[in-house]
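Let me begin by presenting the structure, written as structure tokens, before commenting on it.
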Amino acid sequence: MTGAGTRRAFIVTFGCQMNEYDSGRLGELLAARGWQSAATREEADFIFFNTCSVRARAARRVLNHLEEVRALKRRKPSLIVAVGGCVAEQEGQALLDRTPWLDLVAGPQQVPLLPDLLEEMRATRGGFRRALTGPGRQPAWSRANLESLSKRGSDLKAPRAATLTAGLTIMQGCDNYCAYCVVPYLRGPELSRPAGEILEEAAALVAGGARDITLLGQNVNAYGRGLAGAPGFPELLKAVADLGVERLRFVTSHPKDFSPELIELYARLPALGDSLHLPVQSGSEAVLKAMRRGYSREQYLTLVRALRRARPALALSTDVIVGFPGETEADFEATLDLVETVNFDAMFSFKYSDRPGVASAGFPDKIPEEEKASRLARLQARQKAISLDRNKAHIGQVLEVLVERSGRRPGQVTGRARNFKLVHFDGSPELIGRLVPVLIAAAGPASLRGQAQDPRPVG
Ligand code: SAH
Ligand code: SF4
Ligand code: F3S
């Protein structure tokens, strides 16, 4: 039974890790004010959809979800329904106008405001519909921003929930304006959080038991640009590692901003994991140029070679877009060729999708849907075979696995190796949170399987 005063929040998150972070922080701020998390939408007093608009399909998903809560809202008028994230930023008031059962639209900058707003809304009982959008001048989660927004300064110290693996947003927005991408329009200009706050948050995560931390941002290796007195990204990484982080990763870094110091860190900083996500988007010189990515095919390949020299065990993953306007069969084959040359361990690949307001929306020579689908299928088939080969190469090796959860089968646990690959092995849930050496015995395209080497875990 729950008390009459219990308030429950249900948070649904789409899109990138920045949204995951925002949702997580919102949950923590709400918990600090006595909210509990709802197990289902039906028992929620507040439903929050944190949305993504990077491709048309992602943006459409939230509309189906909104349809579903319409009936809930009819049965329970006190329910507060909010849309946040990048669709909120894009649509703003128009989304509120079109959706009479929606109470609140809040862009990514406004998420820290929600706890205060919810209190006001519950006090005024309806008649409080609002669309809040617009870029901030401070990073949303920076102390300066929170202090200027929140009427309850004490909340700012809301503890980070104790987790084994944790994300930490170090910057927001993006100034790159790749021709296809809507992110700079929705997340605003690049803004770095002060290093002191990042280190404080990282220290709290480590104290809470985090062993694997991922620094988050759309262009993390530009960290510090435009922030007076800020360390560069390599210095920030070293400072976070010094706090005693076992495994340190970051997403997303941009090939054009990969400094020699950052490459060198892979040779010198063992806490940096053996994995790197380095989006290439295309292997064609002409398409890279049209995408305005700021590097050539050769520059990308040179970077990969330098990284592998610094850290031979590095597992690389990437993002690829197929069917960018004007992409010829020869351009596409150049992408296939690059994929073969690099030997990526994993890939996320997408059909090009026109987004409102981006440069490429106005480009000629759009590729027909069937052609995009066929190129995507060819690319994915190729990558699946490469991933399988790369994974099979681990058979017979002992990898150090950080156990994260129980496996799908009883008696099995699942974790990640230092190269971020998923490893399943037989073991008890008591191993969760430990580092276990695992002898790899079998490999699929997406995961590895093995046996724990030592009954006594190493960490
Ligand atoms: N900041 C990151 C990722 C941004 S969005 C970077 O620079 O790589 C994540 C991925 O979505 C991109 O890497 C790209 O592959 C894909 N993407 C972005 N816009 C897209 C579009 N209009 N159509 C298809 N895929 C897109
Ligand atoms: Fe989008 Fe390019 Fe910025 Fe990545 S770097 S978020 S793809 S504009
Ligand atoms: Fe999507 Fe916005 Fe992230 S568009 S990918 S949720 S920055």
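Both ligands and their constituent atoms are indexed starting at 1 by order of listing. Heavy atoms only: backbone and side chains are in, while hydrogens, waters and symmetry mates are out.
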At the 4.0 Å heavy-atom cut-off, does Gln218 count as touching ligand 3?
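Gln218 counts as a contact of ligand 3 under the 4.0 Å cut-off.
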
Going by heavy atoms, is Ser53 under 4.0 Å from ligand 3?
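It does, in that a heavy atom of Ser53 comes within the 4.0 Å cut-off of ligand 3.
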
With the threshold set at 4.0 Å, does a side-chain nitrogen-carboxylate oxygen contact exist between [X] and [Y]?
X	Y	answer
Arg305	Glu298	yes
Arg187	Asp22	yes
Arg160	Glu200	no
Arg130	Asp103	no
Glu201	Arg193	yes
Arg375	Glu371	yes
Asp345	Arg390	yes

Only heavy atoms of His254, strictly under 4.0 Å: list the atoms of ligand 2 that pass.
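In order of numbering, the contacting atoms are 5 (S).
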
Can you see whether [Y] has [X] sitting over its ring - NZ or CZ less than 6.0 Å from the centre and within 45° of the normal?
X	Y	value
Arg418	Phe420	no
Arg7	Phe46	no
Arg122	Trp35	yes

Relative to the heavy atoms of [X], which atoms of ligand 1 are at a distance of less than 4.0 Å?
X	value
Arg355	22 (N)
Tyr352	23 (N), 24 (C)
Arg293	7 (O)
Pro279	8 (O)

Relative to atom 1 (Fe) of ligand 2, how many protein N, O or S atoms have a separation of less than 2.8 Å?
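My tally for this metal is 1.
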
Check contact between Val54 and ligand 1, using heavy atoms of the residue and a distance below 4.0 angstrom.
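Per 4.0 Å heavy-atom rule, Val54 contacts ligand 1.
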
So for Ile321, does at least one of its heavy atoms come nearer than 4.0 angstrom to any atom of ligand 1?
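Yes, Ile321 has heavy atoms under 4.0 Å from ligand 1.
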
Which residue and non-hydrogen atom of the protein lie closest to [atom], and at what distance in Å?
atom	answer
atom 19 (N) of ligand 1	Tyr180 CD1, 3.3 Å
atom 10 (C) of ligand 1	Asp319 OD2, 3.5 Å
atom 17 (N) of ligand 1	Arg55 NH1, 3.5 Å
atom 1 (Fe) of ligand 3	Cys52 SG, 2.4 Å

Heavy-atom distance to [atom]: which of [options] wins?
atom	options	value
atom 23 (N) of ligand 1	Cys52, Ser282, Ala361, Ser353	Ser353
atom 4 (C) of ligand 1	Lys351, Met347, Met291, Gln218	Gln218
atom 6 (C) of ligand 1	Thr318, Asp354, Thr252	Thr252

Single hit among Lys256, Arg292, Arg293 for side chain to side chain donor-acceptor pair (under 3.5 Å) with Asn176
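Running side chain to side chain donor-acceptor pair (under 3.5 Å) over Lys256, Arg292, Arg293 with Asn176 returns exactly one hit, Lys256.
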
Would you mind listing which atoms of ligand 3 come within a distance below 4.0 Å of any non-hydrogen atom of Cys86?
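So the answer, numbered in order with elements, is 2 (Fe), 4 (S), 6 (S), 7 (S).
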
Can you list the atoms of ligand 3 that are under 4.0 Å from a heavy atom of Asn19?
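Every atom of ligand 3 under 4.0 Å from some heavy atom of Asn19: 6 (S).
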
So, is Cys16 placed with an N/O/S atom under 2.8 Å from atom 3 (Fe) of ligand 3, counting both backbone and side chain?
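Yes, Cys16 qualifies, because one of its backbone or side-chain N, O or S atoms lies under 2.8 Å.
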
To the nearest 0.5 Å, what is the distance between NE2 on His254 and OH on Tyr295?
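Reported to 0.5 Å precision, the distance equals 5.5 Å.
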
Flag Gln281 as yes when one of its N or O atoms lies below 3.5 Å from any N or O atom of ligand 1, and as no otherwise.
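Yes: some nitrogen or oxygen of Gln281 is under 3.5 Å from one in ligand 1.
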
Side chain, backbone, both or neither: Met18 near ligand 3, heavy atoms under 4.0 Å:
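No part of Met18 is near ligand 3 at this cut-off.
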
Tell me the contacting part of Arg187 for ligand 1: side chain, backbone, both, or neither, using a 4.0 Å heavy-atom threshold, strictly below.
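For Arg187, no heavy atom sits under 4.0 Å from ligand 1.
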
Any idea which part of Phe350 is under 4.0 Å from ligand 1, heavy-atom wise: side chain, backbone, both or neither?
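The answer is the side chain of Phe350.
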
Would you call Gln109 and Thr133 a side-chain contact if the rule is heavy atoms closer than 4.5 Å?
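Of all side-chain heavy-atom pairs linking Thr133 with Gln109, none is under 4.5 Å.
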
For atom NZ of Lys392, is the number of surrounding heavy atoms from other residues, nucleotides or ligands below 6.0 Å larger than 12?
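No, not enclosed.
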
Qualifying residue, where the test is ring-ring contact (aromatic ring centres under 6.0 Å, His included) with His277 and the options are Phe344, Phe348, Phe250
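The option that passes is Phe348.
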
Of Phe14, Phe10, Phe48, which meets ring-ring contact (aromatic ring centres under 6.0 Å, His included) against His65?
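Option passing the ring-ring contact (aromatic ring centres under 6.0 Å, His included) with His65: Phe14.
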
May I ask whether Arg293 places a heavy atom under 4.0 Å from ligand 2?
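Yes; Arg293 lies near enough to ligand 2 that a heavy-atom distance drops under 4.0 Å.
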
With side-chain hydrogen bond (donor to acceptor under 3.5 Å, both in side chains) as the test, would you mind laying out the steps for Ser360 and Tyr352 before giving the verdict?
CA-CA 10 Å; Ser360 60; Tyr352 168 79; 2.7 Å; yes

Where Arg297 and Ala334 come nearest, the two heavy atoms and their spacing:
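Nearest heavy atoms, Arg297 then Ala334: NH1-O, 2.8 Å.
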
